[in-house]
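Below is one structure, written out as structure tokens, with a few remarks after it.
Quick note on labels: first sequence line is chain A, next is B, and so on, each numbered from 1.
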Amino acid sequence: MRNVATGIGLLGILLLLVGSYVGLFVAPPERHMGDVQRIMYVHVPTAWIGLLCSTFAMIFAVAYLWTGRNRWDDRLVGALEISVILGGLLLVQGMLWGRVTWGVWWTWDVRLTTSLIMFLLFAGVLALRSFVEEPLRRATWSSVATIIAYVDVPLVYFCVRWFRSLHQMPSSPETVHSSMIIPLRINAFAMLFIAIWLIAWRARIESKSRGAERPPERIEIKGALNG
Amino acid sequence: MAEGPAGVIIGGWPYVITAYSITAVALALNIARLAARERKADREKESDSND
Amino acid sequence: MSTFQQALFVARKDLLLGWRARTRTLAVALFGMVTLVLFSFAVAADGEVGVSAAAGFLIVALLLSSILSLEESFRLETEDRALEGLLLLPVDPVAIFYGKAIANFVLLVLLGPVLLPLTAIFFSLELDGANLLSLALLWVLAAAGIAAPGTLYASMTSRVTGRDVVLPLLLFPLTLPILMAGVRSFDLILRGDAMSQLKGWTLLLAAFDLVYWVLCGALFSRTLEE
């Protein structure tokens, strides 16, 4: 299993190199944005896979609450971390793009705003984890917080979209020319494979660490609420 | 940002390179971090089973 | 006792305790006032910026005050290990959640008659009867939206070191929709609703409230397990 995951990851890295090469040097420059639009070939895949990983986190959280099996918490940690990393990257890439195309480092358009909130929400779950030492409680609370965070994301998205609907906001390109689809797809798969690899790896590490801890005893309530 | 002929934005390359580089560095750092963490977890398991 | 009755019982208990410690409760209101004053100094309160920002300041003041109020609602439980005592009684955890959430909701609503007039005064806003009613409804919805996730998170963070940091960290990003809906609606109420958007925003707030009152209630008992 471990080797499969690593294999997938290496394939992902390879694809990322290929896709980026195509996106940077082979694909044609965009009509209005020129070369800066090439950021899209890494930005859009980051967005897609970032959202996907947060969905994985949600699924793992539900699975943990449903089954109580530790493996789901291990995977949850992996998914949370990747979501936060990709989320942070998304913001940075977006800011660089925005700097060139809109002239500002930041703007409160729908996507950037939602990305920022999502980043904060999931980083918050990781922060919560760092404050809770008892493994059982940490796992349960992380799952609860993840579900709550995930449910919030579409609400935030719609709110911001509506909030901004009256203003003329610069928009990110929606349609993509066919010759640009290829590097986009390659990098999307690349990011997906890398994400899967890193989640699986992180999960394995977490289960190893868990093995090294004392297994959580069936503690009575009295002791547990010492926190 | 300067505009070239026909309104195309030029001079965006440094930003593109930065974006890709930061992405690559972030992934690399994460991989390094995981590797280090795994080593630590292995060591702890080692010492635990030796107790 | 049905779960519903249990919830009301818990709510009543919490509100009674709040009343008995009313100096503390009033302190939260005072904090809200101070926050508004700070905001008034942050911008020229009666200038154009002030008026347009008033709604935002009001809701943010509510959010900041809510942290104090929520933490307070669980402080007693953790100080004397009273939460365990409550759990030992045959009380449905769901009832505990909704009871505390209702109590927190009421306390937040009560901040309205304090903070709203002050906002109007500090930022030179004009409120008439019809506006007031709409604003009251808005306030109730916003308070509800904060109370549900706030109660859930407060119950968790009250049992954790670093609780003061983690609660706002978790709660604030979550309540962004409330902030946005609140600010937009407030603006529309005060400055006219040319395109009849108010209904939409109100529905959005109501949807948020519904989702979170159900979701948090469902998840609460899981956070008590050990």
Side-chain angles (χ1 to χ4, degrees), chain A residues 2 9 12-13 16-17 20-21 23-24 29-43 45-46 78 81-82 84-86 88-90 92-103 187 190-191 194-195 197-202 204-214, chain B:
Chain A
R2 180 210 177 117
I13 292 179
L16 190 60
L17 290 169
S20 300
Y21 178 83
L24 287 171
E30 204 261 355
R31 209 174 335 157
H32 297 294
M33 280 189 281
D35 289 316
V36 78
Q37 173 264 353
R38 297 179 193 276
I39 291 184
M40 177 185 76
Y41 299 120
V42 77
H43 187 54
T46 304
E81 287 188 359
I82 293 299
V84 170
I85 290 170
L86 290 178
L89 279 174
L90 191 66
V92 171
Q93 294 160 357
M95 283 168 68
L96 286 165
W97 185 347
R99 176 60 177 157
V100 178
T101 53
W102 304 326
N187 275 357
M191 285 287 189
I194 292 175
W197 170 43
L198 293 176
I199 292 177
W201 192 6
R202 181 70 184 88
R204 205 175 46 248
I205 294 174
E206 186 70 12
S207 84
K208 274 192 200 174
S209 307
R210 182 189 305 279
E213 285 169 1
R214 301 275 172 283
Chain B
M1 274 302 122
E3 278 198 5
V8 181
I9 297 174
I10 58 176
W13 270 107
Y15 290 84
V16 176
I17 301 298
T18 311
Y20 278 77
S21 307
I22 292 182
T23 304
V25 166
L27 289 174
L29 283 176
N30 194 42
I31 291 169
R33 176 186 74 105
L34 288 181
R37 218 163 158 168
E38 183 160 47
R39 276 198 298 274
K40 181 162 168 267
D42 283 338
R43 253 182 290 132
E44 278 174 3
K45 225 174 174 180
E46 249 334 272
S47 66
D48 246 25
S49 57
N50 286 342
D51 286 343

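A:Asn187 and A:Leu16 get closest at one heavy-atom pair: OD1-O, 3.4 Å. The two residues A:Pro45 and A:Met40 make their nearest non-hydrogen contact at CD-O, 3.5 Å.
With a 4.5 Å cut-off on non-hydrogen atoms, A:Val42 touches chain B through its backbone and its side chain both. Using a 4.5 Å cut-off between heavy atoms, B:Ala24 makes no contact with chain A at all. For B:Leu27, the part lying near chain A is the side chain, with the backbone staying farther off; criterion is any non-hydrogen pair under 4.5 Å. Looking at A:Leu198, the atoms closer than 4.5 Å to chain B (heavy atoms on both sides) sit in the backbone and in the side chain alike. Only the side chain of A:Ile194 comes within contact range of chain B, judged by heavy atoms closer than 4.5 Å. Only the side chain of A:Ile85 comes within less than 4.5 Å of a heavy atom of chain B; its backbone N, CA, C and O stay farther away.
Annotation: side chain of B:Glu38 is in contact with side chain of B:Asp42 (closest heavy-atom distance under 4.5 Å).
Here CG of B:Leu34 is found 11.0 Å from CD1 of A:Ile199. Values are rounded to the nearest 0.5 Å.
For the residue pair A:Ser209/B:Glu44, the side-chain donor-acceptor check at 3.5 Å is not satisfied.
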